[in-house]
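In what follows, a structure is listed as structure tokens, so that the remarks can point back to it.
Just the heavy atoms: all of them, side chains too, but no hydrogens, waters or symmetry mates, feed the values below. We name chains A, B, ... by the order of the sequence lines, and we start the count at 1 in each one.
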4 protein chains.
Amino acid sequence: MNEAFFNLQSDKRKRIINAAMQEFVANGYTSASTNTIVKDAGISKGSLFHYFSNKKDLYLFLIDHTNIVIQDVYEAIDLEEPDLFKRLSKIGFAKMKIQQQYPQTFDFLTSVLNEPAEDVRQFAGEKLAAMQESGFNQLYVNVDWSLFKDTINVEKATEILNWTMMGFSEKYRNKLATFKDVGPELLEEWEDYAAILKNSYYKDHSQRRNGDESH
Amino acid sequence: MNEAFFNLQSDKRKRIINAAMQEFVANGYTSASTNTIVKDAGISKGSLFHYFSNKKDLYLFLIDHTNIVIQDVYEAIDLEEPDLFKRLSKIGFAKMKIQQQYPQTFDFLTSVLNEPAEDVRQFAGEKLAAMQESGFNQLYVNVDWSLFKDTINVEKATEILNWTMMGFSEKYRNKLATFKDVGPELLEEWEDYAAILKNSYYKDHSQRRNGDESH
Amino acid sequence: MNEAFFNLQSDKRKRIINAAMQEFVANGYTSASTNTIVKDAGISKGSLFHYFSNKKDLYLFLIDHTNIVIQDVYEAIDLEEPDLFKRLSKIGFAKMKIQQQYPQTFDFLTSVLNEPAEDVRQFAGEKLAAMQESGFNQLYVNVDWSLFKDTINVEKATEILNWTMMGFSEKYRNKLATFKDVGPELLEEWEDYAAILKNSYYKDHSQRRNGDESH
Amino acid sequence: MNEAFFNLQSDKRKRIINAAMQEFVANGYTSASTNTIVKDAGISKGSLFHYFSNKKDLYLFLIDHTNIVIQDVYEAIDLEEPDLFKRLSKIGFAKMKIQQQYPQTFDFLTSVLNEPAEDVRQFAGEKLAAMQESGFNQLYVNVDWSLFKDTINVEKATEILNWTMMGFSEKYRNKLATFKDVGPELLEEWEDYAAILKNSYYKDHSQRRNGDESH
DNA sequence: CATGAATGAGCGTTCATTCAT
DNA sequence: GATGAATGAACGCTCATTCAT
């Protein structure tokens, strides 16, 4: 990417990013038309290829750009919270809020994950993997694993939890798009799923709760 | 699709289906090249368009064709087995076996699910939804829900189970490709995940087991 | 053309001729589709190319076929009628009647006249020229040229007459298509045009008419 | 049409127009090959479709372009000349001169008139009809109809005159193509035809001439 | 005699990218 | 720096014709 792109007026830069993401999401990498992008962004063909050396360069830039937005999610993780379920609730909802604010960014990420074009698949995969790993590393820092039953396989339990969260966000994806804000309804909905797993994962879950209540 | 395609020698028919699936998986609907397909299938351009009236027709045929393979999975469901976990184990492994035997078919299905091309998205979506629904309906027939704890939300618990199975197959997808056969290793692996959920879902899970032992 | 075509059942032969003419009229020689022709005629591709060695052969056959119909017009010329105007009226209306009965044949002739395809233009032109010449030769046999004013250039006057007849049929072409029969209305209409020219061409035209009136 | 085409160097623009007209005349709308056009015009395929959004757009542009040339004919009409025959002579010869200078333009117009392709027939027909009407309207402005015999049907007489002129130009079409200039030979030739009709149309034609001579 | 599967050149059109202005 | 005209390879698809059945 040419540094000229950085020196652009913020407005024009955003128009280009949005137009490009939209087109890539709508048609995939190969079928996305640079003509459509420049038309939607209101710039000339020459300008686009002045900022980015080619279509691939533009695509990979967008992945990096997306990265920044995603980082915000992980930075929002409260490392002080030792209860994994509580922490995940927070991070999950941070993610959902961002998904609401930058729906395009998440759509783009999804489309990148399923991009078949050999030209970009490998590179995109590596970028996304690096992103995810750095995120996951933070995710489990300082988690209090002693809350888990001794008999449970913590790794596998965590995997189930992850798959459940992904399934949950996928399921509520459309609802999210129409909500103005991620409200307590969704939180409660999630707590239902979380309770099912927590019950299985945590030591003396009901007893302790009862004990709390007895005081 | 022209019935001429049905009357083709099985070998040629398979070559065409394989070449087309491969190309669609590798490049997506729009970017897939009919030139590449005919070259790989060893037929002429004219022949392809003799069998299928156009690219879209070919694509939709492949979805239907895939359907048949998938139906085999659901037909393998043992409706006599009332324990959902046991039943799911069976179907899951039936699915995996097919995935091993027809890896291309499953890759194609996945790529169809993420196909952005407006031209086929809607139709493909409807076909796949119909497929899935008919499958899901059979999935839960005669399940003994009384095994579940009264306090558990059975619907949500089932969702978690589904998401976990999907996550599991995704995770072992690559491993599966190299395995010669879906062996007991994988079964044991899955039982670990299943145990975690079963513990949460089923009534008196440990007690009953103890009770069994006491006799 | 293969003689097999002659041995065909009259019905099938007609279907082929009609389907072919229709398609050639609608799209011109080059763009006419043999696929459309065989579909409309209800025969197989192979049959068409069994009867005619190729598209061009079929086209040229249709011109010859048309010729036969046209000959009927010229054969209807009453060589006993020495008055050119009267004779032309008769032949003109014979032509119109045929045009009504075989509208397709005339549409085809017109389209052949304007066919740009190098492949058939020359040959078609020659055929049509031969047709027309043999027709014109008969047209003027035994005409009583002494009716014309001595001062008039008979050749040029005849040309004007021809152009006028052609313009007239073109003008009433559409009307003809809807008429059930070429009625006396059209005849009267034509007589108006004829009168204008006759007045200029024939000797003592007005005087004689005056003379008639004086009696 | 893209305005880029207007900004082209006149030479290149002409090459494109000529190549396209030639190809359309030679093969008709549907069979005309854009490959041939670009090759003859010495431009790239991409350029042609940069100037014109598609083949149809190019074709319709050529009709409009032709229009301009034709307008010149009608603008050459001397509205001061009240004698229809004299006026027609002038316009006819203006037309012939243009036909000589832009033979391709007239060939193209003729081919458009007989174009069977549904895709362009209607639109082309409307354009040409509008052209012709505006031309015909001017043709008869200020004509001194009192020169005509009272007994003559002026409308029909005018039709005959038109058909004669059309026939005449058609007849001399080939000759015109070889002439360097429309010379007096042709004018005299036409006067012969005109005289035949004039004699029929105008009052006291010979007498008045005699009268003129007597003064 | 009749069929229709098979062919591959050719069609109109789109595309990312270059570069003179 | 910004523009958009120019390119030609590649696209999906059609075609008249052949020939094994």
Does a donor on one side chain and an acceptor on the other come within less than 3.5 Å for B:E23 and B:N27? yes
Is the centre of the A:F61 ring less than 6.0 Å from the centre of the A:Y51 ring? no
Verify the contact: side-chain N or O of B:H50 to OP1 or OP2 of E:dA6, cut-off strictly under 4.0 Å; return yes or no. no
Just to confirm, is there a sub-4.0 Å distance from OP1 or OP2 of E:dA2 to any side-chain nitrogen or oxygen of C:Y51? yes
When you measure from the side chain of D:Y29 to the backbone of D:E118, do you find a donor-acceptor pair of N or O atoms at a distance under 3.5 Å? no
So B:L48, base contact, sugar-phosphate only, or nothing? Heavy-atom distance under 4.0 Å. nothing
According to the Watson-Crick and G-U wobble definition with distances under 3.5 Å, which dot-bracket string, read 5' to 3', encodes DNA chain F, using [ ] for crossing pairs and | for pairs with another strand? .||||||||||||||||||||
What is the distance from atom CD1 of A:I37 to atom CZ of A:F52, rounded to the nearest 0.5 Å? 9.5 Å
Reading 5' to 3' through nucleotides 11-21 of chain F, protein heavy-atom contacts under 4.0 Å coded B for base, S for sugar-phosphate only, - for none: SBBB-BBB---
Any donor-acceptor pair under 3.5 Å from C:N54 side chain to C:D57 backbone: yes
Could you list the residues that satisfy side-chain contact (heavy atoms from CB on, under 4.5 Å) with B:L109, not counting sequence neighbours? B:T66, B:I70, B:L128
With a 4.0 Å cutoff (strictly under), does any side-chain N or O of D:S47 reach OP1 or OP2 of F:dA5? no
Among residues 16-28 of chain A, which contact DNA chain F at a heavy-atom distance under 4.0 Å? none
Could you list the donor-acceptor pairs under 3.5 angstrom formed by side chains in residues 6-14 of chain C, with sequence neighbours left out?
| unit_1 | atom_1 | unit_2 | atom_2 | d |
| --- | --- | --- | --- | --- |
| C:D11 | OD2 | C:R15 | NH1 | 3.0 |
| C:R13 | NH1 | C:F6 | O | 2.8 |
| C:R13 | NH1 | C:L8 | O | 2.9 |

Any donor-acceptor pair under 3.5 Å linking the side chain of B:K55 with the backbone of B:T30? yes
A:D107 CG to A:Q22 CD distance, which is reported to the nearest 0.5 Å: 10.5 Å
Protein-nucleotide distance (D:D119, atom CG; E:dG12, atom P), rounded to Å: 12 Å
With sequence neighbours excluded, residues passing side-chain contact (heavy atoms from CB on, under 4.5 Å) with B:T110: B:N114, B:R173
Roughly how many Å is it from CZ in C:R13 to C1' in E:dA2, rounded to a whole number? 18 Å
Distance col, row C:S44:OG vs C:H50:NE2, nearest 0.5 angstrom, shows 10.0 Å
